[in-house]
Structure formats: structure tokens, C-alpha cells
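A, B, ... follow the sequence lines: proteins, then strands. Residue 1 opens every chain.
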Amino acid sequence: MIRIAAGPEDFDSAALVVALEALGGGAVATFTGLVRGEGGLTGLQLDHYPAMTEKVLGVIAASAMERWPLKGITIVHRTGLLAPGARIVFVGTVSAHRAAALEACHFLIDWLKTEAPFWKKEHFADGGQCWIEARAEDDAAKDKWV
Amino acid sequence: MIRIAAGPEDFDSAALVVALEALGGGAVATFTGLVRGEGGLTGLQLDHYPAMTEKVLGVIAASAMERWPLKGITIVHRTGLLAPGARIVFVGTVSAHRAAALEACHFLIDWLKTEAPFWKKEHFADGGQCWIEARAEDDAAKDKWV
Amino acid sequence: MELLYFAWVRESIGLDGERIDPPADVRTVADLIAWLARRGGGYAEAFADPARIRAAVDQAFVQGDAAIAGAKEIALFPPVTGG
Amino acid sequence: MELLYFAWVRESIGLDGERIDPPADVRTVADLIAWLARRGGGYAEAFADPARIRAAVDQAFVQGDAAIAGAKEIALFPPVTGG
């Protein structure tokens, strides 16, 4: 079961975890990314390429399904302007095997960081704004799965 | 924040995830282990060494805290007779960094499998019972973190 | 063809996208970026360093040497930073 | 000293634990396991293969060569299988 969503609505991590646990797999791994409120950050803006986003998320999920014996994948990514503490992204995996669930979860978030068409801009209390730059360490994190 | 529990009560993964997300860390990783209902399994019995269990879980958590920059760890492990589909164990980690949260979560469940004083017995529909044997691959999984 | 801009490429140019009709000698994505940069102003700013630009042709990621002939939609944007 | 048994060690012996007073030449955990095995019956069954037995002395995991002098609580059990 692959479940993919991208959009401005908040999501309910609790409900997503419970839905994955109900799939009968024995091992459920999840990752939630949230907005940190450090250095005077007042908001995080998420741009995306709407026509491509869910398609790319589907390709990433299918790639994980090929590599690990998974019973389910959930990927939810928010867009728009998010407040500190808000959830940005949720990735969850289900397998009969704990290593498969954990590794696939790690793989999915590493690939999302470098392959999915999202862009983040930080907004600060002093009115400053700054597009986050892609980081070489994110590419390295993705490349370890190749 | 380290939160540790072992006992017969069921736990609420959803509430545990939400509590971890509220710690302000930016990256939350979780793992839930559940009873699979394959091969006529009717129940999974979890024995443990009550006087040692929470102490060992605390040592494992402290070890993860030393290795990764974590803002929180939750470990909950059930004991007693569990039905198919029941939750057995929950591990959750919070960090400012996704790799730290994900690796620490994986580390904790690998160590729990080989270092915490729990024993599992399978009960089957035909009346058969079988203590699960320790697996060399679990030791290997733990050893990759040494 | 339809162009789409995202993130700071969009902000520098001041447009979400636009319809263009490049000359015949603009054959690849890299040619297109150079051609747009020559418009000056926000375009020159957005495309000052082509190494910082990524592209998708008809919603598939491509390299700079990808041909643009026949494309319906070309998107130009910085390296992605989601997740 | 107090002995505790877990999992199939407990089931073979038929006891959760018991108070024992081993002779002076039983110095290590390995000696203790061999001494218990010589009782025969469920003990012989539980401790037939000492390589399959793990131990904790006063709630700390130890190897077979650990001394038992002065211990208050010794637990004998199979390799753990939780998680």
C-alpha cells in the first residue's frame, strides 16, 4: 500500500502511524521532519512544482518497494508557509523485517531531500528571508544508497 | 528527555510520537515492533527479568545519548502474553539532525534485540509452543554499531 | 513552449512562468539558460551561474545538454531542498 | 544466594528460582552451571549445553568465568530475544 500526498494541509502523524501499524507487517519505521524555531526563524516557506511533486514521490516510493520487502509506504509533504514547530514531512514504512523498514525509511527521506521538487525559504523576525542552499552532505547521504 | 517503560500494559504509539514531535528537535524517528500472526500463531509470550529490565533499557538509552546529539529517547517494551497484531516495542528518538535521529533509532532496536533481558515464546493454534532462538544475524546487526 | 520558474529563479525574474519562442539555434537546456540570461535584469541575475540551475523538460529532470525541441513545458529552478 | 531462572531454563527446572548454598569449590558461574546440571532431571536438561546459557550476577551480565563469591542474586537464562 503506497500512500502519497503533497499540499498545504497539516497532517496527523499519530493517525498515519496507527494506519501503518494496522497493515500486519510486524515492523513499522517512521520519520517526521518539523520546522525548528532557531535563530529568530518565524516561518518556513515550502515551494514546490505541483505537476511533478506527487509523480516524483511515487517514483521514489516505487524504488524503495523494489529494494526492500515492504508492505506499505506513506509519504506526506507539506507546502506553503509553515510556523516553527509545524510538521513538514512524514515518511513511514512497514515490513516483516525491522532492518528493511528502518533502512527504507532512511532511504526515502534521504532521497526526498535531494530528488523531490521542493524548495525551502526561511523567514526571520527582522524581516530577512533566505532560500536554503542545497547541501553537499545531503547529496552524499543519498549517494550512499546508490 | 529519556522515557522508559516495561510492563504488560499496551501503549499508544500515536501519543508517543506526538510527545516526541513536541520536543522541538526538528527530526523524529520511530520504530514499532508488532506481533505477526503467521503460521497459526495465536500468541506471543514475553518473559523478562523485572529487576534488570528498566536498568538495561536506561543503559542502552544513555549509550545512544552519548553517541548522537539527541533531545529525547522513548523506549517502551511490553511483557506478558500478546495477541497477533499487538504492539511489542516502541523506540523513538528526537534530534536536530535527521541522520542522528534515524541512526539512533536503528541502534536502539538492534541493541534491544541482543542486550535487553526479554525472551519470546510462540504459542500456536495446535497447542504447540516454541521459545524463539537468538539469531546470529541479530548479533551481527548489533555488532555493526560497535 | 511554456517556461516555469521556481524558488529564487522565480523571484529574480519576477514571474511564475511565461510562454516563449526561442530562436532555432537554442537547442539545449544550457542554450536556453544562456539565451534567457542575455535578456539582462532579473534574467541575468537568475542565470548568472548556470551551475546553480537545474531543469525539467516535460516534467522529467534533465541535464543541461538535453534537447528542447518539441518540449511543451520546461522548468528552471535551483537544486531542491525539501524533506 | 538466590538463583533466578528465565524462559526455557525456568520451564525445564520447573521453578522461577530458589535459594542455594553451593560447596566452596563452586567458584564461577560455569562451575555453578555444572554443579546444578549434576542434580539431574530438569536441571540436567536445562544445563545440558552450557554454551546456550547466559548469566547475570547481582543484575549485571557476566561471562562464565565470573566469580560467584558474595553474590546475592544469580540469574541463569537463554540468550535474550526481545525487541
Among the listed options A:I88, A:V89, A:L102, the residue most often paired with chain B at heavy-atom distances under 4.5 Å: A:L102
Options A:I109, A:V94, A:V91, ranked by heavy-atom pairs under 4.5 Å with chain B, top entry: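 Heavy-atom pair counts peak at A:I109.
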Sub-4.5 Å side-chain heavy-atom contact between B:I132 and B:L44: yes
A:L34 side chain reached by B:V28 side chain, heavy atoms, under 4.5 Å: yes
Region of B:A141 in contact with chain A, defined by heavy-atom distances below 4.5 Å: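 Looking at B:A141, just its side chain touches chain A.
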Of the listed residues ([options]), which shares the most heavy-atom pairs with chain A below a 4.5 Å separation?
options              : answer
B:G24, B:A96, B:G37  : B:A96
B:G25, B:C105, B:G26 : B:G26
B:A99, B:A22, B:A29  : B:A29

Taking donor and acceptor roles from the modelled atom types, list the N and O pairs under 3.5 Å across chain A and chain B.
residue : atom : partner : partner atom : Å
A:S13   : OG   : B:E21   : OE1          : 3.3
A:S13   : OG   : B:E21   : OE2          : 2.6
A:E21   : OE1  : B:S13   : OG           : 3.3
A:E21   : OE1  : B:R87   : NE           : 2.5
A:E21   : OE1  : B:R87   : NH2          : 2.9
A:E21   : OE2  : B:S13   : OG           : 2.6
A:E21   : OE2  : B:T32   : OG1          : 3.0
A:G26   : O    : B:L34   : N            : 2.8
A:V28   : N    : B:T32   : O            : 2.9
A:V28   : O    : B:T32   : N            : 2.8
A:T30   : N    : B:T30   : O            : 2.9
A:T30   : O    : B:T30   : N            : 2.9
A:T30   : OG1  : B:T30   : OG1          : 2.5
A:T32   : N    : B:V28   : O            : 2.8
A:T32   : O    : B:V28   : N            : 2.9
A:T32   : OG1  : B:E21   : OE2          : 3.0
A:L34   : N    : B:G26   : O            : 2.8
A:R87   : NE   : B:E21   : OE1          : 2.5
A:R87   : NH2  : B:E21   : OE1          : 2.9
A:R98   : NE   : B:D110  : OD1          : 3.1
A:R98   : NH1  : B:D138  : OD1          : 3.1
A:R98   : NH2  : B:D110  : OD1          : 3.0
A:R98   : NH2  : B:D138  : OD1          : 3.3
A:D110  : OD1  : B:R98   : NE           : 3.1
A:D110  : OD1  : B:R98   : NH2          : 3.0
A:D138  : OD1  : B:R98   : NH1          : 3.1
A:D138  : OD1  : B:R98   : NH2          : 3.3

What are the two closest non-hydrogen atoms of [X] and [Y], and how far apart are they?
X      : Y     : value
A:A14  : B:V18 : CB-CG2, 3.9 Å
B:A86  : B:L82 : CB-CB, 4.1 Å
A:L108 : A:A64 : CD2-CB, 3.8 Å
B:A116 : B:I60 : CB-CD1, 4.5 Å
A:I2   : A:A61 : CG2-CB, 3.9 Å
A:F118 : A:L57 : CE1-CD2, 4.3 Å

Contact class of A:V35 relative to chain B, heavy atoms under 4.5 angstrom: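 For A:V35, neither part sits under 4.5 Å from chain B.
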Inter- and intrachain pairs under ring pair (Phe, Tyr, Trp, His ring centres under 6.0 Å), touching residues 2-39 of chain B, at least two apart: none
